[in-house]
Amino acid sequence: MFPFALVSPPGSEAELLARARALAGHSIGAIAERHAVPVADLRRSKGWVGRLLEIALGATASSRGEPDFQLLGIELKTVPVDAKGRPKESTFVCSAPLETMGDLAWAESPAREKLARVLWVPIEADPAIPLTGRRVGMPLLWTPSPDEDQALAQDWDEFAERIRSGHIDRITAHMGQHLQMRPKAASARSVRWGVNEDGAPIRTLPRAFYLRSSFVARILSRGYVIASPATRS
DNA sequence: TTTTGATCATCC
DNA sequence: GGATGATCAAAA
């Protein structure tokens with residue numbers, strides 16, 4: 001495909017936030033058209049909306065293990081929301097380092113690093129609205145509060161303990177009040193190295209961390225509104 | 001093949 | 001309906 005109008009990386013947090021706010025109230029279709037991005041079918045291109053927003057906001061690290069806005073150290077997350085502004089899905093954080101996380105504290109975890117600074121962009125996701133007609137909501141720049149950080153640390157510790165004891169396969173999505181660990185793979189046959197209770201390598205399903213929608217709901221409720229570009233909560 | 005972007009499909 | 005486990009596509 002092709003050269004869409006290139007958006008330069010934002011030079012500051014304020015600039016990024018201003019850009020994101022300017023998108024609020026606009027439709028996905030209008031934004032895609034502005035950047036000449038062909039509209040895809042979400043059933044097949046599940047990450048299409050996220051990639052569109054990366055383009056529209058000038059994110060730099062596509063498919064690389066770095067913050068979306070490297071200079072600013074900010075991660076971009078689009079989140080599908082219902083009419084009330086509640087997330088409809090959990091939010092992917094990062095893949096789980098199965099071989100090392102048994103000895104990894106939350107403070108030094110890749111999950112904590114990813115979540116240190118996040119620009120949340122709600123996206124209207126009512127299935128009754130055609131994809132191109134869905135609007136972008138008011139963005140929110142977030143850093144975990146001490147309470148939130150501690151809560152996430154608790155969940156992390158539970159996972160780390162199961163890994164440490166060699167019980168990776170006893171970790172299910174039922175665990176974790178706010179942070180989940182679930183499969184993340186091309187298929188259920190995908191394989192990744194983990195460790196058993198003796199520290200010996202075992203083959204297991206690749207996992208990743210996700211934030212429960214209830215957790216993200218509380219974040220968004222700090223400032224979310226469906227609004228025209230001029231409106232703020 | 002892995003990482004990043006996520007949502008889908010099915011079971012409770 | 002909501003959550004869990006499974007899956008899809010692009011980029012590197």
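In what follows, chains are A, B, ... by sequence order, proteins preceding strands, each numbered from 1.
- Distances shorter than 4.0 Å separate none of the side-chain N or O atoms of Q180(A) from OP1 or OP2 on dA3(C).
- To the nearest angstrom, P of dA3(C) lies 14 Å from CD of Q177(A).
- Taking 3.5 Å as the limit, the base of dA3(C) and the side chain of Y210(A) contain no donor-acceptor pair of atoms between them.
- Side chains of R182(A) and T172(A): a donor-acceptor N/O pair is absent below 3.5 angstrom, by distance only.
- With respect to R134(A) and D126(A), no salt bridge is recorded, no charged nitrogen being found less than 4.0 Å from a carboxylate O.
- One interatomic measurement links the two molecules: CG of D41(A) to C1' of dA6(B), which rounds to 14 Å at whole-angstrom precision.
- Here the C1' atom of nucleotide dT7(B) and the CG atom of L131(A) are 12 Å apart, to the nearest Å.
- Using a 4.0 Å heavy-atom cutoff across all strands shown, A125(A) reaches no nucleic acid atom at all.
- Distance CG (L57(A)) to P (dT4(B)): 19 Å, rounded to an integer number of Å.
- For K88(A) against dG2(C), a side-chain-to-base donor-acceptor contact under 3.5 Å is absent.
- Side-chain contact, T204(A) with D169(A): a donor N or O sits under 3.5 Å from an acceptor N or O.
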Exercise for the section: With side-chain contact (heavy atoms from CB on, under 4.5 Å) as the test, would you mind laying out the steps for E75(A) and L119(A) before giving the verdict? Expected result: CA-CA 6 Å; E75(A) 183 72 18; L119(A) 180 66; over 6 Å; no

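- Of the residues I171(A), L205(A), I163(A), the one that meets the side chain to side chain contact (heavy atoms under 4.5 Å, CB included) test with L98(A) is I163(A).
- At distances below 3.5 Å, at least one donor-acceptor pair connects side-chain atoms of W156(A) with backbone N or O atoms of L104(A).
- Between R192(A) and dT2(B) there is no side-chain polar atom (N or O) within less than 4.0 angstrom of OP1 or OP2.
- The interatomic distance linking F69(A) (CZ) with dG5(B) (C1') rounds to 13 Å, in whole Å.
- Q154(A) and W106(A) form no side-chain donor-acceptor contact under 3.5 Å, judged by distance and modelled atom types alone.
- In this structure, F92(A) shares a hydrophobic cluster with Y210(A), the cluster being traced through Ile, Leu, Val, Met, Phe, Trp and Tyr side chains under 4.5 angstrom apart.
- The separation between F215(A) atom CZ and dA3(C) atom C1' is 18 Å, rounded to whole Å.
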All N/O pairs under 3.5 Å across the protein-nucleotides 8-12 of chain B interface:
from   : atom 1 : to     : atom 2 : distance (Å)
dC8(B) : O4'    : K46(A) : NZ     : 3.2
dC8(B) : N4     : E89(A) : OE1    : 3.1

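- Salt bridge status for R117(A) with E13(A): present, with a side-chain N to carboxylate O gap under 4.0 Å.
- The stretch residues 157-166 of chain A participates, sequence neighbours left out, in these side chain to side chain donor-acceptor pair (under 3.5 Å) pairs: S165(A)-H167(A).
- Atom CZ in R51(A) sits roughly 9 Å away from atom P in dA6(B) (whole-Å rounding).
- Residue L131(A) forms a side chain to side chain contact (heavy atoms under 4.5 Å, CB included) with just one option from D41(A), I123(A), V39(A), and that option is V39(A).
- A heavy atom lying under 4.0 Å from DNA chain B marks the following residues of residues 73-80 of chain A, by number: E75(A), K77(A), T78(A), P80(A).
- Within the structure, every pair that satisfies the ring-ring contact (aromatic ring centres under 6.0 Å, His included) test and touches residues 172-193 of chain A, not counting sequence neighbours, is listed here: H178(A)-F215(A).
- In this structure, G47(A) reaches the bases: a heavy-atom distance under 4.0 Å links it to at least one base atom across the strands shown.
- Regarding contacts with the backbone of dT7(C), a side-chain N or O of R189(A) is found under 4.0 angstrom from either OP1 or OP2.
- Distance from the side chain of A188(A) is smallest to dA6(C) among dA6(C), dA3(C), dC8(C).
- DNA chain C lies under 4.0 Å from at least one heavy atom of each of the following residues of residues 164-175 of chain A: T172(A), A173(A), H174(A).
- If you measure from atom CG of D68(A) to atom P of dT4(B), you get 10 Å, rounded to the nearest angstrom.
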